[in-house]
Amino acid sequence: MRPATDALIVIDVQNDFCPGGALAVAGGDEIISRINGLMGDFTTVVLTQDWHPANHASFAANHPGAAPFSLTTMPYGPQVLWPTHCVQGTTGADFHKDLRTDPAQLVIRKGFRSEIDSYSAFFENDRTTATGLEGYLKNRGVTSVTLVGLATDYCVAYSALDAARLGFKATVLEGACRAINLNGSLADAQAQMRAAGVALEA
Ligand code: VGL
Ligand code: ZN
């Protein structure tokens, strides 16, 4: 058992990010058994769930003529336009059926405001609108977070970078993550995480 000051944060292990899903990450389902095992080692377990309204601004389908995976500019900066995914209440937004959810004390839903995307478990993509997770963890005396899930180079990396910025010791278990890897995004994310002091472990 890890000390009670360590929390496990499981990012977006949802059907749409697993093989067969709308924004499938290669091998996304391969990490589930390891994550299930890790849950038993942590006192605090948090799950995140990407949770978009159908009219979400991050969906290419809501930008006439825009191709999925193209880049646009939002008021808060560059934004990839994704295939429609994790729409609230759909099967695609459900956690993968094999993921244990009972050990989690908190589920953070993110990306529910139509005008702003939210990769990180801590802040939306403007990097200032808080989800509340910082307060939850600090109130419970958590000082260290271990991050796993999907996708390494987007929601996991953004969460890890924010965790480090907020003063948590942050570790990403890369073997319990899988990446989208769009135009070198995985190498970029790894470099940014290293520079921010995030520990990358197997
Ligand atoms: C994610 C793209 C869009 C992720 C979520 O979970 O990494 N990526 N929405
Ligand atoms: Zn999303």
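Whatever order the structure lists them in is the order used to number ligands and atoms, beginning at 1.
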Q) What orientation do W82 and H85 show, parallel under 30°, tilted 30 to 60°, or perpendicular over 60°? A)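 If you compare the ring of W82 with that of H85, the planes turn out perpendicular.
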**Q.** Test: R165 cationic atom under 6.0 Å from F123 six-membered ring centre, within 45° of axis
**A.**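 Checked: cation-pi criterion met.
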So what's ligand 1 close to, N/O to N/O, under 3.5 Å?
| from | atom 1 | to | atom 2 | distance (Å) |
| --- | --- | --- | --- | --- |
| ligand 1 | 6 (O) | D12 | OD2 | 2.7 |
| ligand 1 | 6 (O) | L150 | O | 3.2 |
| ligand 1 | 7 (O) | A151 | N | 3.0 |
| ligand 1 | 7 (O) | C155 | N | 3.0 |
| ligand 1 | 9 (N) | D50 | OD2 | 3.1 |
| ligand 1 | 9 (N) | H85 | NE2 | 3.1 |

(Q) Please check if the number of heavy atoms outside E30 that lie under 6.0 Å from its CD is greater than 12. (A)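 Correct, the count exceeds 12.
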Q) For Q49 and D12, what are the C-alpha separation, side-chain angles and deciding distance, and is it a side chain to side chain donor-acceptor pair (under 3.5 Å)? A) CA-CA 5 Å; Q49 193 172 24; D12 297 1; over 6 Å; no
Q) So, are R109 and D50 salt-bridged, with charged N and O less than 4.0 Å apart? A)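 Looking at D50 together with R109, the answer is no, because their closest N to O distance does not fall below 4.0 Å.
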Q | Note: D6-K169 ion pair, threshold 4.0 Å (strictly below) | A |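 Salt bridge between D6 and K169, a charged N being under 4.0 Å from a carboxylate O: no.
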Q: Any chance you could measure H56, atom NE2, to S114, atom OG, to the nearest 0.5 Å?
A: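 Going from NE2 on H56 over to OG on S114, the span is 7.0 Å.
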Q.
So that I know where these two stand, are F59 and H52 an aromatic pair - ring centroids less than 6.0 Å apart?
A.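 Aromatic pair counts; centres sit under 6.0 Å.
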Q) Taking the Zn ion (ligand 2) as the centre, how many protein N/O/S atoms fall inside a distance shorter than 2.8 Å? A)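 Counting protein N, O and S atoms closer than 2.8 Å to the Zn ion (ligand 2) gives 3.
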Q: Decide yes or no on salt bridge (Lys or Arg N to Asp or Glu O under 4.0 Å) for D117 and K110, but give the supporting numbers first.
A: CA-CA 8 Å; D117 207 1; K110 59 187 182 60; over 6 Å; no
